[in-house]
Amino acid sequence: MTGVICKGIGGFYYVHDGAALYECRAKGVFRDRGEKPLVGDRVVFSVTDPEKKTGVVEELLPRKNTLIRPAVANMDQALLVVTAASPAFHPLLADRFLLWMARQDVPVLLGINKCDLDKKGRGGEIRRTYGSAGIPVLSFSALTGEGLEEVRSALKGKTTVLAGASGVGKSSLLNALIPDSSMETGALSRRERGRHTTRHSEIFCLEKDSYLLDTPGFSSLDAPEMQPEEVRECFPEFDGPARSCRFRDCLHMAEAECGVKKAAEAGLIPESRYASYAVTVREALARRKY
Ligand code: GDP
Ligand code: ZN
């Protein structure tokens, strides 16, 4: 049989085959080979007890990708949840998350939750900023259900890692998206997800072939180790203004006649994006010196 590892706790791997969840041990051969099954791994497993739903993971199928942060496999995309209300949007955290995902070749969707509370229209500003950075943006309310159909269709047929600071509404979104029927099929149910912070990565089945991975530890992010030139590639909205930089290899930092700095000062590039860029490039340059 084949399935997906939905979570790993205390030496057990919980494998979902599209219909039911099996508690599996991993064969010793993985340890001998130094392989570690990861949440998200597609595996071949054998059933040891069909009643108790237990089994053994026999083989890991080839991975599409392996993320270091979080340590999971086979992610198609990431959904970064932020809010237009409270907790306040933190641009540097969002931009750092985008850098990590770019580094790992994982496309990101930005989800602006709590649009029901957005009286000041802050969501529109976030949407414009990230739209111009080439990031697809969705606005929704996990509470009222507004915009959730678009979220569902963006997640359809994919395995998506869910991220966002505490309090932005990740649990609420999961609960709104996980169908009631998953309880009957033995999939991880909404009940199993407590109101407390997640301690381990866990995959939830939304519908056939659509999975959402809930994972801890995205709230304080350092930047991935990247060269300044790689950081620059992650800010595609700088490309237009960069055509009027005097130097072709301009890093848009201390150079004279920089089109990007001019555009940032004129408000044509969002201030927060230039600030995130500058702080990250400064760190990358400092690393290069040693
Ligand atoms: P998590 O820490 O990211 O999992 O966030 P929760 O799902 O626990 O949500 C944090 C708080 O925000 C809870 O009190 C939710 O009821 C509330 N909340 C979540 N989504 C919405 C929304 O769309 N609108 C409003 N008004 N409140 C929301
Ligand atoms: Zn420049």
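Predicted model, so just to flag it, every value in this text is computed and none were measured. All ligand and atom numbering here is 1-based and tracks the order in the structure.
- The backbone N or O of His252 lies less than 3.5 Å from a partner atom in the side chain of Tyr274, making a donor-acceptor pair.
- Formation of a donor-acceptor pair under 3.5 Å by the Arg232 side chain with backbone atoms of Asp249 is found in this model.
- Checked by atom type and distance alone, the side chain of Asp118 pairs as donor or acceptor with a backbone atom of Gly123 at under 3.5 Å.
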Could you walk me through whether Tyr22 and Asp49 pass the side-chain hydrogen bond (donor to acceptor under 3.5 Å, both in side chains) check?
CA-CA 9 Å; Tyr22 293 84; Asp49 187 331; over 6 Å; no
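- Residue contacts with ligand 1: Gly164 is excluded, as none of its non-hydrogen atoms falls under 4.0 Å.
- Here the closest heavy-atom approach between residue Phe30 and residue Val57 is recorded as CE1-O, 3.5 Å.
- An N or O contact shorter than 3.5 Å links Gly169 to ligand 1 by distance.
- When the Zn ion (ligand 2) is compared with the N/O/S atoms of His252, atom ND1 turns out nearest.
- Within the set Gly167, Cys115, Ser166, Ala176, the minimum heavy-atom distance to atom 10 (C) of ligand 1 is found for Gly167.
- Heavy atoms of Leu117 found under 4.0 angstrom from ligand 1 belong exclusively to the side chain.
- Within the 4.0 Å heavy-atom criterion, neither part of Leu173 lies near ligand 1.
- Here is the list of ligand 1 atoms found below 4.0 Å of a heavy atom in Asp116: 22 (C), 23 (O), 24 (N), 25 (C), 26 (N).
- Of all atoms in ligand 1, numbered sequentially from 1 with element shown, those under 4.0 Å from a heavy atom of Ser141 are 22 (C), 23 (O), 24 (N).
- Residue Lys170 approaches ligand 1 through these ligand atoms, each under 4.0 Å from one of its heavy atoms: 1 (P), 3 (O), 4 (O), 5 (O), 7 (O).
- If you check the side chains of Thr54 and Glu23, you find no donor sitting under 3.5 Å from an acceptor.
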